[in-house]
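To start, the structure under review is shown below, and the notes come after it.
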Amino acid sequence: MLCRHCLERQRRHLPSAAELYSFDDVIDSARLGLPDFSLGSVWLVGAGPGDPGLLSALALHALDRADAVIYDALVDPRILALARPDAEREFAGKRGGRPSPRQPDISARLVRLAREGKRVLRLKGGDPCVFGRGGEEALALAEAGIPFRIVPGVTAGIGGPTYAGIPVTHRDIASAVTFVTGHDRAGAVPETVDWAAIARGSPVIVLYMALNHLARIAERLIAAGRRPDEPVAIVSKATTPAQRVVVAPLANAAARAAAAKLEAPTIIVIGEVVRLRDALAWFGEGG
């Protein structure tokens, strides 16, 4: 079962979809040919990095029909508020250093709700299959014989930089980009990542969940040949009204982020494309 702390989080009040608008005014499911959300099935849906405007038509379709919504810590409250007024809501987020449900318990909960004949929406920040454990949950559903669908979302590693005015590729600057997690299962810098190979081979590096380990990661990249003055952008709370961006040289990016008191979640971009922000920053920020 999910821990008491996590279940209590779900009880906070949120405005319902009915208080905001009718989905019939937003999407025409029949005209778009959207699939039926069948009873006894689970949809693993990406909610994007925060801005509700980045939701897909399939995500809105699922929110309008789900009987139960199991949501992550990084799902923006404005998005969760779009769920059906009578839908069950259960918090199942995992955040480092805080009480969190175990992944096997989350997967088991999805199976149980589906076997009760409910339409179950597993709502995840970003994309469910990009550092989102979507693959693990889909495998558990497949093993249990539960019908499921995976709905991609805008991953923070692309949406975040874009809202900061940083394209992760550019024909004249970078023809490759590498997405890397900044911590492993134990919360440490991943030892299975070949940091030296990434430093040598990828002109742009995008780090997820790496704020606490940025200094150590920067040391490894510099030791493998990256320039200490290479530009780095740390994007905090990307695509939301609270978005903030700090740009600094690789060698002291961690110190600059700490001085600015940036808060997680963050996306970190390393590479010359960061310099394009001077001309391309378009999204108003809170500081």
Side-chain angles (χ1 to χ4, degrees), residues 2 6 10 34-35 37-38 40-80 82-83 87-96 100-114 118-162 168 179-185 206-210 238-240 264-267:
L2 302 184
C6 301
Q10 78 186 42
L34 300 183
F37 194 165
S38 303
S41 68
V42 178
W43 283 24
L44 306 172
V45 175
D51 186 345
L54 297 178
L55 287 170
S56 67
L58 273 174
L60 288 169
H61 178 69
L63 282 161
D64 193 38
R65 285 159 175 76
D67 302 308
V69 181
I70 313 301
Y71 63 97
D72 274 356
L74 298 183
V75 173
D76 192 287
R78 295 170 296 170
I79 292 173
L80 188 60
L82 300 176
E88 300 176 33
R89 294 175 174 85
E90 293 189 13
F91 176 77
K94 297 177 74 65
R95 297 296 298 273
S100 301
R102 296 170 56 249
Q103 186 59 54
D105 293 335
I106 297 173
S107 297
R109 181 63 173 156
L110 298 177
V111 170
R112 282 196 297 272
L113 287 168
K118 296 176 180 177
R119 302 177 187 89
V120 184
L121 169 56
R122 177 66 168 115
L123 195 60
K124 293 173 168 288
D127 182 281
C129 293
V130 181
F131 305 122
R133 300 185 179 89
E136 298 173 44
E137 293 175 6
L139 284 170
L141 295 169
E143 184 176 325
I146 302 297
F148 66 90
R149 173 180 289 269
I150 301 174
V151 179
V154 176
T155 184
I158 294 176
T162 298
V168 295
F179 299 96
V180 191
T181 179
H183 68 77
D184 60 17
R185 281 177 176 267
V206 177
L207 301 172
Y208 289 68
M209 302 169 287
T239 81
T240 74
T266 62
I267 280 291

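All values derive from a computational prediction rather than experimental measurement.
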Counting distance only, does the side-chain N/O of Tyr71 pair as donor-acceptor with the main-chain N or O of Arg89 below 3.5 Å?
-> no

Atom of Pro128, atom of Ile150 and distance for their closest heavy-atom approach = CG-CG2, 4.0 Å

Among Val120, Val42, Asp67, whose side-chain contact (heavy atoms from CB on, under 4.5 Å) with Leu113 holds?
-> Val120

4.5 Å side-chain heavy-atom contact, Leu141 and Val111 | yes

Between CZ of Arg65 and CG of Leu34, what distance do you get to the nearest 0.5 Å?
-> 7.5 Å

The single option from Thr181, Ile267, Val180, Thr266 passing side-chain contact (heavy atoms from CB on, under 4.5 Å) against Leu207 | Val180

So do the side chains of Leu63 and Ile79 get within less than 4.5 Å of each other, counting heavy atoms only?
-> yes

Sub-4.5 Å side-chain heavy-atom contact between Leu82 and Leu55 = yes

Rounded to the nearest 0.5 Å, how far apart are CG of Asp127 and CD1 of Ile158?
-> 9.0 Å

Which one of Glu136, Arg185, Glu137 satisfies the side chain to side chain donor-acceptor pair (under 3.5 Å) criterion with Gln103?
-> Glu137

From CZ (Arg112) to CG (Asp105), nearest 0.5 Å = 7.5 Å

Considering all heavy atoms of both residues, which atom of Ala210 and which atom of Gly182 are nearest to each other, and what is their separation?
-> CB-CA, 3.7 Å

Taken to the nearest 0.5 Å, the spacing of Arg119 CZ from Ser38 OG works out to 8.0 Å

Closest approach of Gly160 and Ala238, non-hydrogen atoms and distance?
-> CA-CB, 3.5 Å

Pro35 side chain near Arg149 side chain, heavy-atom distance below 4.5 Å = yes

If every non-hydrogen atom of Ala92 is compared with every non-hydrogen atom of Ile70, which pair is closest and at what distance?
-> CB-CG2, 3.5 Å

Rounded to the nearest 0.5 Å, the OG1 atom of Thr155 sits from the CG atom of Leu54 at a distance of 11.5 Å

Main-chain N/O of Ala68 paired to Lys118 side chain as donor or acceptor, under 3.5 Å | no

Mind listing the closest non-hydrogen atom pair of Gly40 and Pro147 along with its distance?
-> O-CD, 3.6 Å

Side-chain heavy atoms of Leu110 within contact of Ile146, under 4.5 Å = no

Side chains of Asp72 and Arg122: does their closest heavy-atom pair fall under 4.5 Å?
-> yes

Name the orientation class of the two ring planes belonging to Phe37 and Trp43 (parallel below 30°, tilted from 30 to 60°, perpendicular beyond 60°).
-> parallel

Residues Arg78, Asp51: salt bridge by 4.0 Å N-O rule | no

Non-hydrogen atoms of Ala142 and Phe148 that approach each other most closely = CB-CE2, 4.0 Å

Do Val69 and Leu80 have side-chain heavy atoms sitting under 4.5 Å apart?
-> yes

